[in-house]
Amino acid sequence: MIAPSILAADFARLADEADAVTGEPGRGADWLHVDVMDAHFVPNLTLGLPVVESLLKTTELPLDCHLMIDNPDRWAIGYAEAGVHHVTVHVEAAREPVALAKDLRAAGALAGLSLKPGTPLEPHLETLRHYDTLLVMSVEPGFGGQRFMPEVLDKVRTVRRLVDTGHLRVLVEIDGGINDETIEAAAEAGVDCFVAGSAVYGADDPARAVAALRERVVAATPHRTWTG
Ligand code: DX5
Ligand code: ZN
């Protein structure tokens with residue numbers, strides 16, 4: 001799956017920017033990644049629930065909200081209740097991540113747990129059993145256009161092994177610095193869902209950029225079965 005990040009889009013034209021990656025059925029973006037930043041958990045400030053509610057009305061793409069905020073235990077549920085398909089919180093910010101996952105799922109969303117690049121996976125494996133996805137950050141959260149950190153792929157490989165051997169059931173998502181040059185290594189390590197901001201919205205034709213990224217993933221992983 002490819003999830004373009006609207007952090008790199010034109011915030012004054014979000015409806016058009018969502019359309020620009022929708023593409024033909026089955027060929028465009030799978031999810032639309034929305035980075036919510038509160039200027040506390042990360043130094044940057046972006047958008048919040050009112051903008052997400054407007055986006056929900058204007059696009060048919062499932063929204064993938066990545067909450068880089070303090071106290072997600074209080075705020076994340078509103079995104080799920082609004083109709084966001086996938087709500088991801090940071091393990092470094094959540095106080096009761098297991099209860100939070102249950103609430104998100106009860107509200108009809110998929111629950112995602114994200115780890116910053118320096119956060120180890122092992123202490124959170126039990127918590128992860130309650131989640132639908134693991135979002136591995138491959139840059140320090142807060143800004144688009146940063147360089148991919150290949151060392152986080154060790155976490156991806158570990159989770160992939162646990163999933164493939166039936167010990168865990170999560171989708172593996174990666175976020176930060178994904179482009180034509182880095183996506184193959186991430187695919188080989190076992191990522192299922194690739195977030196890309198500048199590589200998609202910095203391109204002349206964002207829909208074409210999504211298709212090109214997907215082609216690279218498929219070419220890099222001939223042994224894996226990709227279903228739509
Ligand atoms: C960074 C955000 C990313 C960002 C990725 O904190 O979580 O989703 O948009 O942007 P690129 O793909 O440009 O690294
Ligand atoms: Zn993100």
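Along the sequence shown, residues are numbered consecutively beginning with 1.
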Atom [atom1] of residue position [X] - does it have more than 12 heavy atoms of other residues, nucleotides or ligands inside 6.0 Å?
X      : atom1 : value
Arg169 : CZ    : no
Glu151 : CD    : yes
Glu96  : CD    : no
Arg27  : CZ    : no

Quick one: does [X]'s side chain have a donor or acceptor within less than 3.5 Å of a partner on [Y]'s backbone?
X      : Y      : value
Thr127 : Val98  : no
Glu173 : Cys193 : no
Asp73  : Arg95  : yes
Tyr201 : Glu17  : yes
Arg157 : Glu188 : no
Arg214 : Ala29  : no
Thr133 : Leu135 : no

Taking C-beta and beyond as the side chain, do [X] and [Y] meet within less than 4.5 Å on heavy atoms?
X      : Y      : result
Lys155 : Thr158 : no
Val218 : Glu215 : no
Thr221 : Glu184 : no
Ile2   : Asp30  : yes
Leu162 : Leu128 : no
Val91  : Tyr131 : no

ILVMFWY network linking [X] to [Y], side-chain heavy atoms under 4.5 angstrom:
X      : Y      : result
Val34  : Met137 : no
Val195 : Val84  : no
Phe148 : Val139 : no
Val89  : Met68  : yes
Phe143 : Val42  : no

* Asked: Are Asp192 and Arg224 close enough, and set up right, to give a salt bridge (Lys or Arg N to Asp or Glu O under 4.0 Å), and what steps lead you there?
  -> CA-CA 10 Å; Asp192 301 294; Arg224 285 192 71 189; 2.6 Å; yes
About how many Å separate [atom2] of [Y] and [atom1] of [X], when rounded to the nearest 0.5 Å?
X      : Y      : atom1 : atom2 : answer
Leu104 : His130 : CG    : NE2   : 13.5 Å
Ser138 : Leu153 : OG    : CG    : 7.5 Å
Ile69  : Phe41  : CD1   : CZ    : 9.5 Å
Leu49  : Glu81  : CG    : CD    : 9.5 Å
Leu213 : Phe194 : CG    : CZ    : 9.0 Å
Asp64  : Leu32  : CG    : CG    : 8.5 Å

* **side-chain contact (heavy atoms from CB on, under 4.5 Å) evaluation trace for Leu125 with His167** => CA-CA 10 Å; Leu125 281 174; His167 291 92; over 6 Å; no
* In sequence, state the C-alpha distance, the side-chain angles, and the governing distance for Glu181 and Arg147, and then conclude on salt bridge (Lys or Arg N to Asp or Glu O under 4.0 Å). => CA-CA 11 Å; Glu181 264 120 59; Arg147 254 197 37 203; over 6 Å; no
Over all atoms of both residues, closest heavy-atom pair of [X] and [Y]:
X      : Y      : result
Gly190 : Arg160 : O-NH1, 2.7 Å
Asp204 : Pro206 : O-CD, 3.5 Å
Ala203 : Ala199 : CB-O, 3.8 Å
Ala187 : Val217 : CB-CG1, 4.1 Å
Pro97  : Leu113 : CB-CD1, 4.5 Å
Pro72  : Ala93  : CD-O, 3.6 Å

* **Exercise: do Ser198 and Asn179 side chains pair donor with acceptor under 3.5 Å** => no
* Asked: Going through the distances and angles, do Leu134 and Leu168 end up as a side-chain contact (heavy atoms from CB on, under 4.5 Å)?
  -> CA-CA 11 Å; Leu134 171 69; Leu168 195 61; over 6 Å; no
* Asked: Please walk me through it: do His124 and Thr119 pass side-chain contact (heavy atoms from CB on, under 4.5 Å)?
  -> CA-CA 9 Å; His124 306 296; Thr119 303; 3.8 Å; yes
* Asked: Which is it for Asp35 and Asp175 under the side-chain contact (heavy atoms from CB on, under 4.5 Å) test, yes or no, and what are the steps along the way?
  -> CA-CA 11 Å; Asp35 289 304; Asp175 184 6; 4.1 Å; yes
* Asked: Restricting to pairs with a member in residues 44-77, which pass ring pair (Phe, Tyr, Trp, His ring centres under 6.0 Å), not counting sequence neighbours?
  -> His33-His66, His66-His90
Please tabulate, for the side chains in residues 51-61, all donor-acceptor contacts under 3.5 angstrom to protein atoms that are two or more places apart in sequence or on a different chain.
from  : atom 1 : to    : atom 2 : distance (Å)
Ser54 : OG     : Pro50 : O      : 3.4
Thr59 : OG1    : Leu61 : N      : 3.0

* To do: Could you pull out all residues at least two apart from Asp132 that satisfy salt bridge (charged side-chain N to carboxylate O under 4.0 Å, His left out)?
  => Arg105
